[in-house]
Undergrad: 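Let me give you the structure first, and then I'll get to my questions.
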Amino acid sequence: MTTRAEFISRIREQVQKTPGRFSAASARRPQHPAAEADTIRRELAERWPETLEAFRREFEGVAGVFHRVATIDMVPAVVSRIAHEREARELVTWHSAALGADLAPALGARGLDVHPMPESEPGGVAERERLRAIAARADLGLTGVDLAIAETGTLVLVSGAGRPRSTSLLPPCHIAVFDRTVLVESLRQVGVLLEAWHGDGRPPAAGAAINFITGPSRTADIELTLTRGVHGPKEVHAIFVEQPIRG
Amino acid sequence: MSDAELATPFRQRADGAMKDAFLQEALTIATTKFIGLRRDAFAGFPEGEALRDQARAIKEATLQHLDHHLETLIGNVERLGGHVHYAATPAEARSIIVDIARRTGARMAVKSKSMATEEIHLNEALEAAGITPVETDLGEYIIQLAHERPSHIIAPAIHKTKGQVAELFSRELKRPAEPDPEALTRIARGELREKFLQADLGITGANFAVADTGTVVLVTNEGNGRMVTSLPRVHVAVMGVEKVVPSFTDLMVFLAILAKSATGQKLSVYTSMVQGPRRAGELEGPDEFHLVLLDGGRIAQIGGPLREALSCLRCGACLNVCPVYRQIGGHAYGYTYPGPIGILLTAMLEGAPAVKDLAHASSLCGACVEACPVRIDIPRMLIDLRREVDDKKIAPWTERVAFKLLARLLQHPRLYRFAAKAGRIMQKPFASDGRIGRLPLFFGEWTRTRDLPPVASRTFQERWASEKDLQA
């Protein structure tokens, strides 16, 4: 078996005879990412309506369904309408602490079977299996959003306690709730925020997965015919809440 | 492609492809569509050109300090609780992965699309060890059921009709299947959903790895990459050493151009970034995370003639625009990586002799350089490979002698003029209707698939001289 030392020394030998025929430069990284991230957020706070409009356009361009409500209290009505139209009942949701609001009672009152995911790590393999089975049979998955990228119509979700990866993946219909505080304009800005999360700033959650979701799951592998919902959700809804969710 | 198929010469494989009417139509439709999608994506993205230059500069800068960036990556993956393995050869990579599967008691492995695992022929090794590998990308799933190999980097089953897929599903899955892409996709979703939930082991490649955070990045449209990295209790990622980028800032530059080059999307549907095993508080994610770093011929090219090819993002854009790929498709190339970049990667991984014919399967038109998101000069390296194949006497002696004679002729004007005159006389028995359709002896190789224009009855110089006289 090749050891790390052997492997790296082979590379080092080669690197030392690098011809350097081409221009070379890594991207210039933010020196103080958290401070730059704050600046970006401050600037964006002033022009969020334009950013939101750009996001809506791109999100709809990738077959996302956009909704807009005034306050978080109005979200359950939108969710239950989506459920009714699909004759769906079972819903898994991120924990209220991760969503920023407890919508379970209102959703339950509207006739949905609501399964909130636990706030902390479930004890034991059996309990984890049980929760996964619920996500696997649910019709709807309700999540928050950590970034909404206008340039590409992308939702960024960070995994962690109370915010399982499967909520946005296993149910055929994913519904994401967001507000102006997560809107960003460009992939470049996302780069700064990611640097901040991993540097001198604070990440939205402590899980091991960051997922960029740009519309519903799709494939064109059979005769290039575009088909949605091959493994992930067939539908992705984004509900924009005008009044910031966490006040 | 099986080894038996590889034993047939490239020319026969290409001939077969060109006589396959469906393949010809499928290739034209698919490649034309991809070209249009890519063009439109960049047309609406003025900063794209500068980002392409920047992406290339980042790849170069990373290669110049690859040892350092890999050490950073390794340190971070281990800090996050992952394990890193070092594979000098495909055989070593296979045995590392089979050992992990055995140790963890895995019986079934779900895989997301990965050219690196195709390259190391992992599925055969898993099967031999009693572990069932299941390809979960729809295209890969289809060709796995059909016991074939991918024919395009991003559209592996480009060569199959929906009718053929329906027949395949009916036969292999023992359930009725209509020749309708939507219905077939639904069947695959159901079949594979079971596997995702059952499998013990998830195997992926890596589109990128971010060194300073220990992040493995997977780009998919179907969501299988997310399934494979979230549901099984062990995740193994196999990655060529050249896939590392220093930071998230660098990564964003690549994400901005990769999907546009491949499918014309602004981003692929899912960009999944995974950082080691499941953390405290998480419901899903693997208990174990393994990263297998693969050499397989790459390291020797850091300072070698194929260095530029180490910048390849595997987007497939050069395949779509290549006049040769558009005619013969991926299988005729005979190795894991088809198309213009595939010839270079094959030379890198298998050695120059493997491409003695393939090095000539290019018109050197340069369309690939234009399409490549990081502007790899593929034709330059193909010419170098042709020279190498020639220098190492891998080409047949007749060909080498013929080209030596031609070189001599072109360097000596007097000899050239004499040869032109001689040619005019000697071509007489072979020229008809203003073309030479067939030459004798080994010269026949040249006219086997194309006509040769006859030597003109008067050379340009002769005409120039006489016209000048007239003017005067």
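So that the names make sense, note that chain A is the first sequence line, chain B the second, and so on, each numbered from 1. Everything numeric here is computed off the predicted structure, so don't read it as measured data.
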Undergrad: Do T227(A) and E182(B) have side-chain N/O donor and acceptor atoms under 3.5 Å apart?
TA: no
Undergrad: Show the numbers, then the answer: is there a salt bridge (charged side-chain N to carboxylate O under 4.0 Å, His left out) between D212(B) and R29(A)?
TA: CA-CA 12 Å; D212(B) 74 343; R29(A) 305 175 60 178; 2.3 Å; yes
Undergrad: Where on P233(A) is there a heavy atom nearer than 4.5 Å to chain B: the side chain, the backbone, both, or neither?
TA: both
Undergrad: Can you tell me which portion of S9(A) sits under 4.5 Å from chain B's heavy atoms? Options are side chain, backbone, both or neither.
TA: neither
Undergrad: Going by atom types alone, do E222(B) and T219(A) pair a side-chain donor with an acceptor below 3.5 Å?
TA: yes
Undergrad: Would you confirm whether R132(A), through its side chain, and L283(B), through its main-chain N or O, come within 3.5 Å as a donor-acceptor pair?
TA: no
Undergrad: Identify which part of T213(B) has an atom lying under 4.5 Å from any heavy atom of chain A, answering side chain, backbone, both or neither.
TA: side chain
Undergrad: Would you say the side-chain atoms of E284(B) pair up with the backbone N or O of R165(A), donor to acceptor, closer than 3.5 Å?
TA: yes
Undergrad: Counting heavy-atom pairs under 4.5 Å to chain B, which of G191(A), P30(A), A209(A), A27(A) comes out on top?
TA: A27(A)
Undergrad: Taking side-chain contact (heavy atoms from CB on, under 4.5 Å) as the criterion, tell me which of N224(B), V228(B), T185(B) meets it with H231(A).
TA: N224(B)
Undergrad: Return the option, out of E58(A), E6(A), R163(A), with the maximum number of heavy-atom pairs under 4.5 Å with chain B.
TA: E58(A)
Undergrad: Could you state the interatomic distance from OG1 (T215(B)) to CD1 (I210(A)), rounded to the nearest 0.5 Å?
TA: 6.5 Å
Undergrad: Taking all non-hydrogen atoms of both residues into account, name the closest pair between S159(A) and E282(B) and its distance.
TA: OG-OE2, 2.6 Å
Undergrad: Which one wins on heavy-atom pair count under 4.5 Å against chain A: S272(B), G139(B), P181(B)?
TA: P181(B)
Undergrad: State the CD1-OH distance between I11(A) and Y86(B), to the nearest 0.5 angstrom.
TA: 9.5 Å
Undergrad: Given heavy-atom pairs under 4.5 angstrom as the criterion, report whether the side chain, backbone, both or neither of R226(B) touches chain A.
TA: both
Undergrad: Non-hydrogen atoms of chain A under 4.5 Å away: do they reach the side chain of A55(B), the backbone, both or neither?
TA: neither
Undergrad: Does any non-hydrogen side-chain atom of E195(A) lie less than 4.5 Å from one of S247(B)?
TA: yes
Undergrad: Less than 4.5 Å to any heavy atom of chain A: does that hold for the side chain of A26(B), its backbone, both, or neither?
TA: neither
Undergrad: With a 4.5 angstrom heavy-atom cut-off, which part of T220(B) approaches chain A: side chain, backbone, both or neither?
TA: neither
Undergrad: List the atom of M1(A), the atom of S95(B), and the distance in Å for their closest heavy-atom pair.
TA: CE-OG, 2.9 Å
Undergrad: Please look at V165(B) and chain A and tell me whether the side chain, the backbone, both or neither of the residue comes under 4.5 angstrom of a heavy atom of that chain.
TA: side chain
Undergrad: Is there a donor-acceptor pair closer than 3.5 Å between any side-chain N or O of Q64(B) and the backbone N or O of V15(A)?
TA: no
Undergrad: Taking atom CD of E25(B) as the centre, does the number of heavy atoms from other residues, nucleotides or ligands within less than 6.0 Å exceed 12?
TA: no
Undergrad: Measure distances from S26(A) to the heavy atoms of chain B and classify the residue's part below 4.5 Å as side chain, backbone, both or neither.
TA: both
Undergrad: Does the side chain of I213(A) come within less than 4.5 Å of Y270(B)'s, by heavy atoms?
TA: yes
Undergrad: Is a side-chain donor or acceptor of R279(B) paired with a backbone partner of A206(A) at a separation under 3.5 angstrom?
TA: yes
Undergrad: Report the distance from atom CE of M227(B) to atom OG of S166(A), rounding to the nearest 0.5 Å.
TA: 9.5 Å
Undergrad: Between R28(A) and chain B, which part of the residue has a heavy atom less than 4.5 Å away: side chain, backbone, both or neither?
TA: backbone
Undergrad: Heavy-atom cut-off 4.5 Å, strictly under: side chain, backbone, both or neither for L170(A) against chain B?
TA: both
Undergrad: Given a strict heavy-atom distance threshold of 4.5 Å, which part of M117(A) is in contact with chain B: side chain, backbone, both, or neither?
TA: side chain
Undergrad: Can you tell me if T214(A) and Q265(B) form a side-chain donor-acceptor pair at under 3.5 Å?
TA: no
Undergrad: Between L197(B), L70(B), T229(B), which shows the greatest number of heavy-atom pairs under 4.5 Å with chain A?
TA: L197(B)
Undergrad: Just give me the residue among I58(B), D295(B), V217(B), N221(B) that pairs up with chain A most often, heavy atom to heavy atom, under 4.5 Å.
TA: N221(B)
Undergrad: Which bit of F34(B) is near chain A, if near means a heavy-atom gap under 4.5 Å: side chain, backbone, both or neither?
TA: side chain
Undergrad: Could you tell me the separation between the OG atom of S268(B) and the CZ atom of F212(A), rounded to the nearest 0.5 Å?
TA: 12.0 Å
Undergrad: So which part of L218(B) gets closer than 4.5 Å to some heavy atom of chain A, the side chain, the backbone, both or neither?
TA: neither
Undergrad: How close do P277(B) and A208(A) get, heavy atom to heavy atom, and via which atoms?
TA: O-CB, 3.4 Å
Undergrad: If only atom types and distance count, is the side chain of E223(A) paired as donor or acceptor with the main-chain N or O of K162(B) below 3.5 Å?
TA: yes
Undergrad: Let me confirm one number: the CZ-CG distance from R188(A) to L51(B), rounded to the nearest 0.5 Å.
TA: 11.0 Å
Undergrad: Give the member of I74(B), D53(B), I158(B) that has the highest number of heavy-atom pairs under 4.5 Å with chain A.
TA: I74(B)
Undergrad: With chain A as the partner, which of K160(B), E71(B), Q54(B), R233(B) has the greatest number of non-hydrogen pairs under 4.5 Å?
TA: E71(B)
Undergrad: Would you mind checking which part of L231(B) comes under 4.5 Å of any heavy atom in chain A, side chain (CB onward), backbone (N, CA, C, O), both or neither?
TA: both
Undergrad: Mind ranking A188(B), G223(B), A88(B), G276(B) by heavy-atom pairs under 4.5 Å with chain A and telling me who comes out on top?
TA: A88(B)
Undergrad: What part of T167(A) lies closer than 4.5 angstrom to a heavy atom of chain B: side chain, backbone, both or neither?
TA: neither
Undergrad: Check whether V210(B) gets within reach of chain A through its side chain, its backbone, both or neither, counting any heavy atom under 4.5 Å.
TA: neither
Undergrad: For F45(B), which atoms come within 4.5 Å of any heavy atom of chain A: side chain, backbone, both, or neither?
TA: side chain
Undergrad: Mind listing the closest non-hydrogen atom pair of G303(B) and Q14(A) along with its distance?
TA: N-OE1, 2.8 Å
Undergrad: Got a salt bridge between E78(B) and R4(A), using NZ or NE/NH1/NH2 to carboxylate O under 4.0 Å?
TA: yes
Undergrad: When you measure from the side chain of E92(B) to the backbone of T2(A), do you find a donor-acceptor pair of N or O atoms at a distance under 3.5 Å?
TA: yes
Undergrad: Compare every heavy atom of G215(A) with every heavy atom of V269(B), then report the nearest pair and how far apart it is.
TA: CG1-O, 3.2 Å
Undergrad: Check for a donor-acceptor pair, side chain of D67(B) on one end and backbone N or O of R12(A) on the other, with a separation under 3.5 Å.
TA: no
Undergrad: Could you look at L63(B) and say if it's the side chain, the backbone, both or neither that has a heavy atom under 4.5 Å from chain A?
TA: backbone
Undergrad: Are any of the side-chain heavy atoms of V190(A) and F248(B) separated by less than 4.5 Å?
TA: no
Undergrad: Contact between E151(A) and L267(B) at the side-chain level, heavy atoms closer than 4.5 Å - yes or no?
TA: no
Undergrad: Looking at V192(A), V236(A), V230(A), which has the largest count of heavy-atom pairs under 4.5 Å with chain B?
TA: V230(A)
Undergrad: Does any backbone or side-chain atom of D287(B) lie under 4.5 Å from a heavy atom of chain A? Answer side chain, backbone, both or neither.
TA: side chain
Undergrad: What's the shortest heavy-atom distance between P156(B) and D221(A), and which atoms?
TA: CD-OD1, 4.1 Å
Undergrad: Atom CD1 in I222(A), atom CG in L138(B): separation rounded to 0.5 Å?
TA: 4.5 Å
